[in-house]
2 protein chains.
Amino acid sequence: MSEFGELLKELRKEHRISQRKLADMVGIDFTYISKIESGTMVPPAEDKIIKIAEIFNVDSDKLLIAANKIPADFQKVITEIEDVPVFLRSASKFSQTQWKEIKRIIDETKDNEE
Amino acid sequence: MSEFGELLKELRKEHRISQRKLADMVGIDFTYISKIESGTMVPPAEDKIIKIAEIFNVDSDKLLIAANKIPADFQKVITEIEDVPVFLRSASKFSQTQWKEIKRIIDETKDNEE
DNA sequence: TAGTATGTTGATTTAAAAGTCAACACTATA
DNA sequence: TATAGTGTTGACTTTTAAATCAACATACTA
């Protein structure tokens, strides 16, 4: 039942890299990698997870979420924008249709970026 | 600069209650309350903050946010609803108008409750 | 003025999270 | 069959967050 562990193992295998090599790159002990993969130990701290995401070139948010961690950046958003906590309290009640509307709004902001 | 500390002191004063009494009710040492209020120490753990919110009859989310803590409940929402992290990444870019739309959607769900 | 209530400070402790170290076991291969 | 590469396990350690304990200072009040 360790989503993160399984995912890590998969990524590592895909990239054909050993636990020792990965551990070196991340900056942790290789035995810890072993335990994370088997679910014996909980996922590492956020900075390590971000490094892993970089190494395997995956979205760090996704990896953090898989580790059941809230990206620290979110703290700023949640604590600084008043309406965000209110939004989060309602988020579980949104219907499909409502999510569609929200996604439309999100997409609008994405345009602004380029 | 300790938002939480100042807020706590204010609430406590309003309720005309001593640090010792409050500490007893919350289940922590009174000297800790003193340090929190002065900003010497960081706010207590989430469960203590929630107790404080109950004692003073204020919204616990607000108190947690003032303490720069993300309510643990949010973790479920953030990790379990796929679109929420995406939303949070965009949240800081929303315009007034966009927030108005979002609030409208939130209000719709509130109707469902009663 | 002795007692009671209040808040402050510095040193220390406890609990939880995040990790290391040492030792072993299996496999491949030179 | 030695040795290099890999993963596993159990006990221990380090780090950070969350607090306590002991001692004192100030004000109030019986």
Side-chain angles (χ1 to χ4, degrees), chain A residues 1-56 60 63-72 74-75 79, chain B residues 1-56 60 63-72 74-75 79:
Chain A
M1 265 298 267
S2 164
E3 211 195 322
F4 181 81
E6 284 164 30
L7 180 51
L8 178 59
K9 188 165 196 168
E10 243 174 67
L11 286 168
R12 188 174 62 78
K13 291 287 180 194
E14 269 173 27
H15 286 250
R16 292 177 185 43
I17 179 179
S18 73
Q19 290 179 346
R20 281 163 220 247
K21 173 76 178 162
L22 175 59
D24 269 2
M25 298 173 82
V26 176
I28 54 180
D29 195 273
F30 70 95
T31 67
Y32 188 26
I33 301 272
S34 171
K35 288 171 194 173
I36 293 163
E37 288 185 355
S38 68
T40 308
M41 292 203 82
V42 293
E46 168 156 352
D47 59 324
K48 308 302 187 312
I49 295 184
I50 290 174
K51 254 188 186 160
I52 293 171
E54 283 165 2
I55 291 166
F56 295 137
S60 65
L63 218 47
L64 284 164
I65 297 295
N68 259 295
K69 304 220 183 203
I70 298 178
F74 286 1
Q75 177 156 332
T79 58
Chain B
M1 265 295 266
S2 163
E3 211 194 324
F4 181 81
E6 285 163 28
L7 180 51
L8 178 60
K9 188 164 195 168
E10 241 174 67
L11 286 168
R12 187 173 63 79
K13 292 287 180 193
E14 269 173 26
H15 286 251
R16 292 180 185 44
I17 179 179
S18 73
Q19 290 180 344
R20 280 162 220 249
K21 173 77 178 164
L22 175 60
D24 269 3
M25 296 173 84
V26 176
I28 55 180
D29 195 272
F30 70 95
T31 67
Y32 187 27
I33 300 273
S34 172
K35 288 171 194 173
I36 292 164
E37 287 186 355
S38 67
T40 308
M41 293 204 82
V42 293
E46 168 156 352
D47 59 324
K48 308 304 186 312
I49 295 184
I50 290 174
K51 251 185 188 163
I52 293 171
E54 283 166 2
I55 291 166
F56 295 138
S60 65
L63 218 48
L64 284 164
I65 296 297
N68 259 295
K69 303 218 183 205
I70 298 178
F74 286 1
Q75 176 155 333
T79 58

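The sequence lines fix the lettering, A, B, ..., with proteins before strands; numbering per chain opens at 1.
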Give one of base, sugar-phosphate or nothing for Thr31(B), where a contact means two heavy atoms less than 4.0 Å apart. base
Tyr32(B) side chain, from C-beta outward: closest of dA18(C), dT6(C), dT20(D): dT20(D)
If every non-hydrogen atom of Phe74(A) is compared with every non-hydrogen atom of Ile70(B), which pair is closest and at what distance? C-CD1, 4.3 Å
Counting the atoms with a prime plus P, OP1 and OP2 as sugar-phosphate, which does Ser34(A) contact under 4.0 Å by heavy atoms, base, sugar-phosphate, or nothing? base
Does dT8(D) have OP1 or OP2 sitting under 4.0 Å from an N or O in the side chain of Gln19(A)? yes
State, with a plain yes or no, whether a side-chain heavy atom of Phe4(B) is found less than 4.5 Å away from one of Asn68(B). no
Main chain of Pro44(B), side chain of Lys69(B): is a donor-acceptor contact present, judged purely on distance under 3.5 Å? yes
Using 0.5 Å steps for rounding, measure from the NZ atom of Lys9(B) to the OG atom of Ser34(B). 8.0 Å
Rounded to the nearest angstrom, tell me the gap between atom CE in Met41(B) and atom P in dC21(D). 14 Å
Of Asp29(A) and Glu37(B), the one whose closest nucleotide on DNA chain C sits nearer the 5' end is Glu37(B)
For the CD1 atom of Ile36(A) and the CD atom of Glu6(A), what is their distance to the nearest 0.5 Å? 14.0 Å
What is the distance, to the nearest angstrom, from the CD1 atom on Ile28(B) to the P atom on dA17(D)? 17 Å
How many Å lie between NZ on Lys21(A) and C1' on dG7(D), as a whole number? 18 Å
Side-chain donor/acceptor of Lys9(A) to base of dG7(D), under 3.5 Å: no
Between Leu64(A) (CG) and dA18(C) (P), how many Å, whole number? 12 Å
May I ask you to say what Lys69(A) touches in the nucleic acid, namely base, sugar-phosphate or nothing, with a heavy-atom cut-off under 4.0 Å? sugar-phosphate
Looking only at side-chain atoms of Lys35(A), point me to the closest of dA18(C), dC21(C), dC21(D). dC21(C)
Calculate the interatomic distance between Leu22(A) atom CG and dG19(C) atom P; express it in whole Å. 13 Å
Given atom NZ of Lys48(B) and atom P of dA15(C), what is their separation to the nearest angstrom? 12 Å
Atom pair distance, as rounded to whole Å: CZ in Arg20(B) and C1' in dT4(C): 10 Å
